[in-house]
Amino acid sequence: MADTDSGWDGRGGRGSRVTRNTGGARPADPIPGRRVAAVSLVALAALATGCEPGTATGAQDAPPPTRPTQAAAPSPARTAPVTGDAKPRTAPPPGPSASTAAPAPAPSPDATTARPAPEPSTAPPPRVLMRTGSESDRVRELQARLRQIGHFGRNPTGYYGSVTADAVRSFQAKRSLPVTGSTDEVTWQRLLAMTRVPTAAELRPPTERPVAAPDERCLKGRVLCISKNSRTLAWMIDGKVVSAMDVRFGSEYTPTREGVFEVFWKSRDHVSTLYDTPMPYALFFSGGQAVHYSADFAANGYGGASHGCVNVRDKKKVAALFDQVRTGDKVVVYW
């Protein structure tokens, strides 16, 4: 009869049970409790290797175990709603969820980089040949050519002022050129191609402004024919223009009288007793009103006005006129 006793067996741990062989029989296998004790010792040894709670490698990446489920029957295809007169379309089956879908490929550097703006043209602008303030024979030719095609309404002066700049702008706009008012190489070449070489009379006419058609009262005898409309004076003998010059008149408060008069007094170096101003080469025709040279008109042009006299700005022309006109010659002032 075998009895049991608790104690150490020399190999196992405390609490193991052993069986004594009292009859020479084959010893029995250890009881299951011994295997449990061994597993416990291994677990204690594993816990004694560190003081921080650890995480098993790959524990978070491993998917949880899934239960086998019966395959679901395919759902019937869904039909997209019909809008307007479009044909109905069969909606595609739902795609994978966002959590399981493959990540979208990263955009290439070319897709995220904006295209560089085109570089501005490096071609230099056309060279400017004439602009406001220029004064030369070429400006005179420019004005004459512009007048040939109806862009300049005055006679050439050789000075590039605001009137010339406006005429150039008009020409540039009509020819689809950059509208600058300055005459560059492109504008000049286009104008040369459209016009002819001006004649001497076109380049240097007797007045800045075109001489008006003479009044019928100017067609006989010796007449100073003065047009307020064209602002010109034509010295005429028997209907022929001997000389012409630019003139200006009095203001609205001191207007130049209109009508037919006669030259009644000539005064070469006259000075006004009323205004104390010089009136060289004065040809009096109506009271204190006379044809004479005006330094102010020569300097400031049509920006001013006289006190009723007929001002001339070309001193050489009015000096020559003074020598030719006689007392009693007719004077006609008209619009």
side-chain contact (heavy atoms from CB on, under 4.5 Å) evaluation trace for Val333 with Lys228: CA-CA 7 Å; Val333 181; Lys228 283 189 171 182; 4.1 Å; yes

Any donor-acceptor pair under 3.5 Å linking the side chain of [X] with the backbone of [Y]?
{"X": "Lys266", "Y": "Phe322", "answer": "yes"}
{"X": "Lys317", "Y": "Ala244", "answer": "yes"}
{"X": "Glu258", "Y": "Trp335", "answer": "no"}
{"X": "Ser286", "Y": "Gln289", "answer": "no"}
{"X": "Arg268", "Y": "Tyr281", "answer": "no"}

Option from Leu177, Leu192, Val179 for which side chain to side chain contact (heavy atoms under 4.5 Å, CB included) with Thr187 holds: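 When Leu177, Leu192, Val179 are each tested with Thr187, the side chain to side chain contact (heavy atoms under 4.5 Å, CB included) holds only for Leu177.
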
Measure the spacing between [atom1] of [X] and [atom2] of [Y] and express it to the nearest 0.5 Å.
{"X": "Arg222", "Y": "Leu224", "atom1": "CZ", "atom2": "CG", "value": "9.5 Å"}
{"X": "Asp246", "Y": "Tyr302", "atom1": "CG", "atom2": "OH", "value": "4.5 Å"}
{"X": "Cys225", "Y": "Leu219", "atom1": "SG", "atom2": "CG", "value": "7.5 Å"}
{"X": "Ser243", "Y": "Gln324", "atom1": "OG", "atom2": "CD", "value": "6.0 Å"}
{"X": "Lys315", "Y": "Ser294", "atom1": "NZ", "atom2": "OG", "value": "11.0 Å"}
{"X": "Arg154", "Y": "Leu146", "atom1": "CZ", "atom2": "CG", "value": "14.0 Å"}

Side-chain contact test, heavy atoms from C-beta onward, threshold under 4.5 Å: evaluate it for [X] versus [Y] and give yes or no.
{"X": "Leu321", "Y": "Met245", "answer": "yes"}
{"X": "Thr232", "Y": "Ser227", "answer": "yes"}
{"X": "Phe152", "Y": "Val163", "answer": "yes"}
{"X": "Trp188", "Y": "Glu141", "answer": "yes"}
{"X": "Trp235", "Y": "Asp329", "answer": "yes"}
{"X": "Val310", "Y": "Phe285", "answer": "yes"}
{"X": "Val318", "Y": "His292", "answer": "no"}
{"X": "Leu191", "Y": "Thr183", "answer": "no"}

Criterion side-chain contact (heavy atoms from CB on, under 4.5 Å) on Arg196 and Gln148, from CA distance to verdict: CA-CA 8 Å; Arg196 54 176 172 77; Gln148 288 178 9; 3.5 Å; yes

Over 12 foreign heavy atoms within 6.0 Å of CG, Asp269: no

Tell me, please, which residues at least two apart from [X] pass ring-ring contact (aromatic ring centres under 6.0 Å, His included).
{"X": "Phe284", "result": "Trp265, His270"}
{"X": "His151", "result": "Phe171"}
{"X": "Tyr160", "result": "none"}

Taking all non-hydrogen atoms of both residues into account, name the closest pair between [X] and [Y] and its distance.
{"X": "Gly288", "Y": "Cys309", "answer": "O-SG, 3.7 Å"}
{"X": "Thr157", "Y": "Arg140", "answer": "O-NH2, 3.1 Å"}
{"X": "Thr254", "Y": "Ser306", "answer": "OG1-O, 3.4 Å"}
{"X": "Arg169", "Y": "Thr180", "answer": "NE-O, 4.1 Å"}
{"X": "Gln143", "Y": "Gly158", "answer": "OE1-N, 3.0 Å"}
{"X": "Thr256", "Y": "Gly308", "answer": "OG1-O, 2.9 Å"}

Salt-bridge criterion met for Asp137 and Arg204 (N-O under 4.0 Å):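 A salt bridge is present here (some side-chain N lies under 4.0 Å from a carboxylate O).
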
Ion pair check, Asp184 and Arg190, cut-off under 4.0 Å: no

Stepwise salt bridge (charged side-chain N to carboxylate O under 4.0 Å, His left out) test for Arg248 and Asp296: CA-CA 11 Å; Arg248 74 176 183 181; Asp296 180 75; 2.6 Å; yes

Hydrophobic clustering (ILVMFWY, side-chain heavy atoms < 4.5 Å, transitive) - are [Y] and [X] grouped together?
{"X": "Phe297", "Y": "Leu283", "value": "no"}
{"X": "Val168", "Y": "Val139", "value": "yes"}
{"X": "Val331", "Y": "Val223", "value": "no"}
{"X": "Val241", "Y": "Val332", "value": "no"}
{"X": "Val247", "Y": "Val263", "value": "yes"}

